[in-house]
Amino acid sequence: MKYSCFIAFLAIVIALAQNYSDLVVVEAVSCDGFVSKKDVQFILNGKPFYANGFNAYWLAYEATDPTTRFKITYAFQNATSHGMTIARTWGFHDGGYRALQTAPGSYDELTFQGLDFAIVEAKRLGIKLIITFVNNYSDFGGRKQYVAWAKSSGQNVSSDDDFYTNPLVKQFYKNHVKTMVNRVNTFTKVVYKDEPAIMGWELMNEPQCRADPSGKTLMDWINEMAPYVKSVDSNHLLSTGLEGFYGDSSPQRKTSLNPVAANVLGTDFIANHNLDSIDFASIHSYPDLWFPNLDENARLDYLRKWLEGHIEDAQNILKKPIILGEFGKPSNTPGYTQAQRDAVFTTTFDTIYASAQKGGPAAGALFWHVISDGMDNFKDALSIVLSDNTSTVNIISQQSRKMAFLGGKGKLSRKIKD
Ligand SMILES: *[C@@H]1O[C@H](CO)[C@@H](O)[C@H](O)[C@H]1NC(C)=O
Ligand SMILES: *[C@@H]1O[C@H](CO)[C@@H](O)[C@H](O)[C@H]1NC(C)=O
Ligand SMILES: *[C@@H]1O[C@H](CO)[C@@H](O)[C@H](O)[C@H]1NC(C)=O
Ligand SMILES: *[C@@H]1O[C@H](CO)[C@@H](O)[C@H](O)[C@H]1NC(C)=O
Ligand SMILES: *[C@@H]1O[C@H](CO)[C@@H](O)[C@H](O)[C@H]1NC(C)=O
């Protein structure tokens with residue numbers, strides 16, 4: 001361990017010990033630098049960074065209450081014991097119970113300390129965080145809440161899609177971004193924008209704009225917000241949070257790969273990522289939701305093509321890394337079996353790995369989503385408890401090891417449970 005790392009580590013241990021009696025000192029102390037990008041690859045500590053990871057949107061929410069913070073620690077410990085090194089989580093909770101942002105520009109300090117804690121634990125355990133600034137949908141507030149705030153300030157807004165155009169709403173959003181990147185972590189005293197445990201930001205979770213299927217409205221918004229984020233935080237990578245639906249800039253892909261219903265959502269995978277301030281591409285994959293009437297084999301076939309198409313475009317057109325930010329197999333799909341879930345994970349991982357193995361842009365897949373044991377309030381058709389020794393967890397573990405070796409992080413394999 002480098003001296004400076006050791007000091008940083010001690011500071012974390014001391015800060016945590018104040019409120020966190022159970023603290024176990026682990027051997028895996030992360031002294032990583034920032035994740036950066038070179039051509040189609042992520043770079044970490046001078047080497048290509050290929051990884052495996054997970055979503056845990058609830059981190060700040062559960063860490064708001066110090067008595068439930070152990071859930072974050074358990075989830076991260078379980079994840080690293082299966083070799084995972086990237087977690088995606090929400091950097092928002094606009095209004096409502098345990099809100100982060102209680103009103104435009106007003107923040108709940110305890111909830112922010114929850115997010116602080118999640119970052120500290122990620123740093124301590126060697127996990128890189130991708131943090132999203134707002135939600136498309138109304139879960140945890142989202143665009144709907146921003147528009148409601150503007151309305152109650154007297155703005156002439158009604159639709160959620162006014163989010164992208166109303167000047168006051170846009171200012172609210174920028175203020176939130178600015179508050180996030182300038183937040184001083186109460187445990188480490190490190191400003192978020194200087195924190196290497198944060199891998200990058202996403203503009204929004206699954207942005208869509210039905211009000212303008214041409215895609216212009218969302219494109220204008222990204223053209224304004226992406227450079228804004230980079231202007232207040234030039235240390236971190238940025239992506240869109242897009243699901244990956246194609247638009248008019250790629251008519252062929254639009255026809256061959258989009259679910260028809262996605263053609264009215266106003267997104268454009270190529271155009272939306274094809275600007276300098278966007279460092280990596282984002283896609284999600286949910287064939288079960290997009291094609292409820294296809295049979296399982298056809299859905300797997302589609303899944304492979306969906307991923308391969310985007311990976312090809314990331315390589316040839318965007319020339320950027322690509323992260324599969326969400327995927328999973330809903331257990332409420334008619335006829336669901338765990339073997340089907342394993343097939344979805346295997347197909348996904350194999351497609352990602354095939355690109356990564358050649359030094360390509362597919363840098364990782366983050367399944368939706370991890371919960372800790374006993375978190376019944378967050379249990380749903382997609383949640384996975386890593387401490388359940390299922391075949392799917394084993395498949396996740398193997399992918400982590402394979403990806404880590406590619407990036408020269410092979411030493412991680414020693415910590416992986418087989
Ligand atoms: C530690 O807990 C005390 C209350 O027990 C609280 O006042 C303080 O803000 C907490 N410190 C941190 C860093 O969370
Ligand atoms: C995005 O938000 C709109 C409401 O404004 C909603 O109709 C749509 O389903 C949301 N999309 C996703 C993927 O959540
Ligand atoms: C509010 O906006 C709608 C359409 O965006 C417009 O038709 C209406 O005239 C506006 N109302 C006021 C009071 O400006
Ligand atoms: C994994 O999480 C469980 C609770 O779900 C916990 O009991 C266990 O200690 C964790 N395992 C590791 C390796 O941290
Ligand atoms: C996990 O389950 C497999 C069989 O599916 C078994 O061989 C292995 O020992 C189990 N590991 C743990 C840690 O329980």
Side-chain angles (χ1 to χ4, degrees), residues 22-28 54 56-58 62 68-84 90 92 94 121 124-127 132 134-148 150-151 154-169 202-213 217-218 221 240-245 258-259 261-262 264-267 282-286 288-290 325-328 368 370-376 378-379 382-390 393 396-397 400 414-418:
D22 268 353
L23 187 75
V24 186
V25 178
V26 288
E27 82 287 5
F54 60 99
Y57 68 92
W58 47 268
E62 287 291 321
T68 55
R69 284 187 180 158
F70 68 90
K71 294 177 186 174
I72 288 79
T73 305
Y74 278 170
F76 283 0
Q77 284 176 342
N78 276 282
T80 54
S81 81
H82 293 290
M84 285 184 277
W90 293 166
F92 60 83
D94 325 300
E121 286 297 75
R124 186 171 70 87
L125 294 165
I127 287 177
T132 308
V134 74
N135 208 0
N136 163 78
Y137 196 58
S138 53
D139 286 342
F140 278 52
R143 289 189 299 133
K144 194 181 209 60
Q145 181 63 68
Y146 273 75
V147 170
K151 197 181 175 83
Q155 298 286 302
N156 181 15
V157 286
S158 50
S159 140
D160 291 358
D161 290 342
D162 290 331
F163 178 91
Y164 299 111
T165 51
N166 178 268
L168 184 65
V169 176
E202 284 180 349
L203 293 175
M204 186 185 295
N205 177 48
E206 303 189 333
Q208 298 183 351
C209 179
R210 283 168 199 265
D212 182 3
T217 301
L218 181 58
W221 185 81
T240 56
L242 219 65
E243 291 155 288
F245 301 123
N258 273 10
V264 298
L265 299 179
T267 75
S282 153
I283 62 166
H284 298 175
S285 60
Y286 290 113
D288 299 272
L289 308 181
W290 301 343
E326 290 187 18
F327 74 98
W368 183 271
V370 159
I371 58 172
S372 281
D373 198 18
M375 280 180 60
D376 286 345
F378 287 89
K379 196 170 178 175
L382 287 155
S383 53
I384 290 184
V385 176
L386 290 169
S387 52
D388 292 351
N389 179 26
T390 64
V393 172
I396 292 169
S397 214
S400 304
R414 286 207 307 268
K415 296 195 299 184
I416 295 176
K417 281 190 214 149
D418 280 299

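Atoms within each ligand, like the ligands themselves, are counted from 1 in listed order.
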**Message:** Using the side-chain contact (heavy atoms from CB on, under 4.5 Å) definition, which of the options Y137, F92, Y164 pairs with M204?
**Reply:** Y164
**Request:** Report the relative orientation of the aromatic rings in F378 and W58; use parallel for angles under 30°, tilted for 30 to 60°, perpendicular for over 60°.
**Result:** tilted
**Prompt:** With a 4.0 Å cut-off on heavy atoms, is E243 touching ligand 2?
**Reply:** yes
**Asked** Is at least one protein non-hydrogen atom found at under 4.0 angstrom from atom 5 (O) of ligand 3?
**Response** no
**Message:** Below 4.0 angstrom, counting only protein heavy atoms, does anything approach atom 9 (O) of ligand 3?
**Reply:** no
**Asked** If you count the atoms of ligand 2 from 1 in the order shown, which ones are under 4.0 Å from a heavy atom of Y137?
**Response** 10 (C), 14 (O)
**Prompt:** Has ligand 4 got any nitrogen or oxygen that is less than 3.5 angstrom from a nitrogen or oxygen of Q77?
**Reply:** yes
**Item:** For Q208, the ligand 2 atoms whose distance to one of its heavy atoms is below 4.0 Å
**Value:** 1 (C), 8 (C), 10 (C), 11 (N), 12 (C), 13 (C)
**Message:** Could you check whether D161 pairs with R143 (Lys NZ or Arg NE/NH1/NH2 to Asp/Glu carboxylate O, under 4.0 Å)?
**Reply:** yes
**Prompt:** Using the ring of each side chain (for Trp, its six-membered ring), is W90 parallel, tilted or perpendicular to W368, with breaks at 30° and 60°?
**Reply:** tilted
**Asked** In the protein, what heavy atom is nearest to atom 3 (C) of ligand 2, and what distance, to one decimal place, separates them?
**Response** R143 NH2, 3.7 Å
**Request:** Take the angle between the ring planes of Y146 and F163 and call it parallel below 30°, perpendicular above 60°, tilted in between.
**Result:** perpendicular
**Request:** Pick, from H284, R210, E206, K144, the option with the minimum heavy-atom distance to atom 7 (O) of ligand 2.
**Result:** R210
**Message:** Within this structure, what is the CD-CG distance for the pair Q208 and N136, rounded to the nearest 0.5 Å?
**Reply:** 5.0 Å
**Request:** Mind checking the CZ-OG1 spacing from R210 to T267? Nearest 0.5 Å is all I need.
**Result:** 11.0 Å
**Asked** Got an N/O contact under 3.5 Å between D161 and ligand 2?
**Response** no
**Message:** Could you identify the single nearest non-hydrogen protein atom to atom 13 (C) of ligand 3 and state the distance to 0.1 Å?
**Reply:** N156 ND2, 4.3 Å
**Request:** For atom 14 (O) of ligand 2, find the nearest protein heavy atom and state the residue, atom name and distance (0.1 Å precision).
**Result:** N136 ND2, 3.3 Å
**Item:** Under 3.5 Å side-chain donor-acceptor pair for Y286 and E243
**Value:** no
**Prompt:** Of all the atoms in ligand 2, which lie at a distance below 4.0 Å from a heavy atom belonging to D160?
**Reply:** 4 (C), 5 (O)
**Prompt:** Atom NZ of K151 and atom CG of N166: how far apart are they, to the nearest 0.5 Å?
**Reply:** 11.0 Å
**Message:** Any nitrogen or oxygen of S372 lying under 3.5 Å from a nitrogen or oxygen in ligand 4? Just yes or no.
**Reply:** no
